[in-house]
Student: 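So that we are looking at the same thing, I have put the structure below in structure tokens.
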Amino acid sequence: MILSDKLILQEIEKGTIIIEPFDPACLGTNSYDVHLGKYLATYRNRVLDAKQHNEIDHFEIPKEGFLLQPNTLYLGVTVEYTETHRHVPFLEGKSSTGRLGIDIHATAGKGDVGFCNTWTLEISVTQPVRIYAGMPIGQLIYFVVEGEIKTLYNTKANAKYSKPTTRPVESMMWKNSF
């Protein structure tokens, strides 16, 4: 079950969902709109290695916007910091974003119960498109979880993406054993 706008507000009042900053105008019928933060990042190397730490370079989106190019993976970040303590958050692109040919995540649209952070976006485009800091970029939807949670994401010793940040975070695949 996906939470409705009324249930999202009830969970915010209970403190089981936190969205900062929160703007009631961003609350949809069954979602909450999130916005592109001012930082982007790209990988230093064109060839990435899943067993290595692939470093990124951060840069700020200028006021006049930034022109995204095809065949480049950009890491972005949401303005909004969120916490989800009883529900599974999913981040999806807005239809207006998709109609510009912007994908906001390659595969990582689902958060874990206990995820407390901004969202790193894996942005790619089908053709050149100018983007701006603060523009609506996606929407969060919340699913009900059946059963008790044994270990929340933010309490796991091996949680790779739990350090609060306002900048995009690179892949931590290299920390896995394989």
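For reference, positions follow the sequence shown, starting with 1. In what follows, every heavy atom counts, from backbone to side chain, and hydrogens, waters and symmetry copies are set aside.
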Student: Is there a side-chain contact between Ile18 and Thr82 in this structure, where contact means two heavy atoms from C-beta onward sitting under 4.5 Å apart?
Tutor: no

Student: For Lys14, what residues pass the salt bridge (charged side-chain N to carboxylate O under 4.0 Å, His left out) criterion, not counting sequence neighbours?
Tutor: Glu11

Student: Residues two or more places apart in sequence or in another chain: which of them pass salt bridge (charged side-chain N to carboxylate O under 4.0 Å, His left out) with Glu122?
Tutor: none

Student: Please report, to 0.1 Å, the donor-acceptor pairs under 3.5 Å made by any side chain of residues 37-51, with sequence neighbours excluded.
Tutor:
from  : atom 1 : to     : atom 2 : distance (Å)
Tyr43 : OH     : Ser171 : N      : 3.0
Arg44 : NE     : Asp57  : OD1    : 2.7
Arg44 : NH1    : Glu55  : OE1    : 2.4
Arg44 : NH2    : Asp57  : OD1    : 3.2
Arg46 : NH1    : Asn71  : O      : 3.1
Arg46 : NH1    : Thr72  : OG1    : 3.4
Arg46 : NH2    : Asn71  : O      : 2.4
Asp49 : OD1    : Lys51  : N      : 2.9
Lys51 : NZ     : Phe178 : O      : 3.4

Student: Restricting to side-chain contact (heavy atoms from CB on, under 4.5 Å), what partner residues turn up for Arg99, sequence neighbours left out?
Tutor: Ser95

Student: Tell me every residue that passes salt bridge (charged side-chain N to carboxylate O under 4.0 Å, His left out) with Asp23, counting only those two or more places apart in sequence or in another chain.
Tutor: none

Student: Tyr32: which residues meet the ring pair (Phe, Tyr, Trp, His ring centres under 6.0 Å) condition with it, sequence neighbours left out?
Tutor: Phe22

Student: Side-chain atoms of residues 59-67: list all donor-acceptor pairs with protein atoms under 3.5 Å, sequence neighbours left out, distances to 0.1 Å.
Tutor:
none

Student: Please report the closest heavy-atom contact between Gln69 and Tyr74, naming both atoms and the distance.
Tutor: N-OH, 3.0 Å

Student: Applying ring pair (Phe, Tyr, Trp, His ring centres under 6.0 Å), can you list everything that pairs with Tyr161, at least two apart in sequence or on another chain?
Tutor: none

Student: Under the salt bridge (charged side-chain N to carboxylate O under 4.0 Å, His left out) test, which residues partner Lys110, sequence neighbours left out?
Tutor: Asp112

Student: Check whether any side-chain N or O of Glu83 sits under 3.5 Å from a backbone N or O of Gly114 as a donor-acceptor pair, and report yes or no.
Tutor: no

Student: Looking at every heavy atom in both Val34 and Gln139, which two are closest together, and how far apart are they?
Tutor: CG2-N, 4.2 Å

Student: Name all pairs fulfilling the ring pair (Phe, Tyr, Trp, His ring centres under 6.0 Å) condition that reach into residues 101-126, sequence neighbours left out, sorted by first residue then second.
Tutor: Phe115-Trp119

Student: What residues join Ile149 in its hydrophobic cluster, counting side-chain heavy atom gaps under 4.5 Å, either direct or through other members?
Tutor: Ile2, Val88, Phe90, Val113, Ile141, Phe143, Val145, Leu152

Student: Using the test ring pair (Phe, Tyr, Trp, His ring centres under 6.0 Å), find all partners of His58 that sit at least two apart in sequence or belong to another chain.
Tutor: none

